[in-house]
Protein chains: 2
Amino acid sequence: MPRAGLDRAAVIAAAAEVADERGFGQLTMGLVAERLGVRTPSLYKHVESLAALRQGLAALAMTELGDALRDATQGYAGRDALAAAARAMRSYLTEHPGRYAVTVGAVVDPELDAAGARVVESLAAVLRGYRIDPAEQTHALRTLRSTLHGFATLQTAHGFQWNADTDQSFEWLIDFLDRGLRRP
Amino acid sequence: MPRAGLDRAAVIAAAAEVADERGFGQLTMGLVAERLGVRTPSLYKHVESLAALRQGLAALAMTELGDALRDATQGYAGRDALAAAARAMRSYLTEHPGRYAVTVGAVVDPELDAAGARVVESLAAVLRGYRIDPAEQTHALRTLRSTLHGFATLQTAHGFQWNADTDQSFEWLIDFLDRGLRRP
DNA sequence: GCTTTTAGCTAACGACATTAGCTGAACCTG
DNA sequence: CAGGTTCAGCTAATGTCGTTAGCTAAAAGC
């Protein structure tokens, strides 16, 4: 019985792969264990429950998204920063649909909150390139986040019913946001 | 053994109540049956499976949302129509969080598609009040839908972390959309 | 080397979805 | 209204999945 050398991070990483490949709904203790070459109950030495595993995965996804946003916007400002952030967010959500889906509907949790705060911080940094009334900062931030989140989730979920180019729509959306944020 | 007089619609309606009250994740055959005063296996005389029940529920939610949008925008145009549609959409999603959650991640299905098309049609009607280049219609439509969907789902999911008034943010968002859609 | 800790395992239980097969209520048909 | 047919809802049983209990041997500490 050679040990597998697992830890909480390894289990969550395997869960992330399962969620991305088979979909959020197929995230099951059995599939995660199988991927790690281990029997199902062994996972409980590293995560308390499936719910906790989902929480951890949600935090991982939010952290990765935050990193992606930070890296993408590094060194840009104004419209360039906005476009970079928007594309980075869409890329992450479409490349890791299962991972991100867990964050929606996840319960309040310090780790997830902290990661979410970093995402918000990156978006706030993008807004700094626009002259926005401090009193409206929060509203603009929420609008930006909602728009990007909504586009990406709608696309990965049903997709938009008709088939006009989605990339083109997204570039139009970036332009729409830029124009709107530029002029109060 | 007096008969309960169920049918597919009654089962889906009960499922909708369960989903709204206990959350999407708690939508279980047992809870639906209990609400109807019936034993679990009896449901299978009316729906083929839990997956099919979810599909039916998704279609119901999308249909209700479409009706709400149609009713709310009736007789309005331009900014008024936009505001009415936005508020109607947010109201529906927040009043029926579980119901709507099922539509995200639902599989392609003729009934859901048709209902979704009616939602899109109502939003397209709103856009008619703005002078939008026909070539950009689809992009504007997707942007509008994404923004409203994103705001409502983010709000009902984690809620926005900080506590500035959400209603106020939403009104700002409506204004943002109106200004953006109006310009050249 | 010897002890202690603990990762991973087998066995077992409970919740839930689903199927098979029964029974009697409702609905026909004459 | 009698007799037959349909079928809604039930009980019993099976399979999957999450979770717990308790064992064993691999690692880690002395």
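Owing to the predicted nature of the structure, the values given are computational and were not obtained by experimental measurement. The sequence lines fix the lettering, A, B, ..., with proteins before strands; numbering per chain opens at 1.
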- line: To the nearest angstrom, the NZ-C1' distance between Lys45(A) and dT5(C) comes to 11 Å

Rounded distance (Å) that lies between atom P of dT16(D) and atom CG of Leu31(A): 13 Å

- prompt: Where do Arg90(B) and Gln155(B) land on the side chain to side chain donor-acceptor pair (under 3.5 Å) test, with the steps shown first?
  reply: CA-CA 9 Å; Arg90(B) 183 159 90 116; Gln155(B) 186 200 340; 2.8 Å; yes

task: Output yes when Asp67(B) and Arg118(B) qualify as a salt bridge under the 4.0 Å nitrogen-oxygen rule, no when they do not.
output: no

- request: Looking at every strand, decide which applies to Leu43(B) at a 4.0 Å heavy-atom threshold: base, sugar-phosphate, or nothing.
  value: nothing

message: Looking at every heavy atom in both Ala19(A) and Leu57(A), which two are closest together, and how far apart are they?
response: CB-CD2, 4.1 Å

- prompt: Which residue pairs pass the side-chain hydrogen bond (donor to acceptor under 3.5 Å, both in side chains) test with at least one member in residues 4-25 of chain B, sequence neighbours excluded?
  reply: Arg8(B)-Glu48(B), Glu17(B)-Arg35(B), Asp20(B)-His96(B), Asp20(B)-Arg99(B), Glu21(B)-Arg35(B)

- request: In whole angstrom, give the distance that lies between atom OH of Tyr44(B) and atom C1' of dA12(D).
  value: 15 Å

- prompt: Would you call the rings of His149(B) and His149(A) parallel, tilted or perpendicular if under 30° counts as parallel and over 60° as perpendicular?
  reply: parallel

- line: Taken to the nearest whole Å, CZ/Arg39(B) to P/dA17(C) is 15 Å

message: Expressed as a whole number of angstroms, how long is the span from Leu6(B):CG to dA25(C):P?
response: 17 Å

- prompt: Base, sugar-phosphate alone, or nothing: which one does Thr40(A) contact when heavy atoms must sit under 4.0 Å apart?
  reply: base

Over 12 non-hydrogen atoms of neighbours within 6.0 angstrom of CD in Glu111(B): no

- prompt: Using a cut-off of less than 4.0 Å, is there contact between a side-chain N or O of Ser42(A) and OP1 or OP2 of dA7(C)?
  reply: no

- request: Rounded to the nearest angstrom, tell me the gap between atom NE2 in His46(A) and atom P in dT19(D).
  value: 16 Å

task: Would you mind reading off the distance between Leu50(B) atom CG and dA17(C) atom P, rounded to a whole angstrom?
output: 6 Å

- prompt: In whole angstrom, what separates Glu48(B)'s CD from dT18(C)'s P?
  reply: 10 Å

Other cluster members, Val108(B) - Ile/Leu/Val/Met/Phe/Trp/Tyr, side-chain contacts below 4.5 Å: Val107(B)

- prompt: Near DNA chain D, which residues from residues 8-30 of chain A have a heavy atom under 4.0 Å away?
  reply: Thr28(A), Met29(A), Gly30(A)

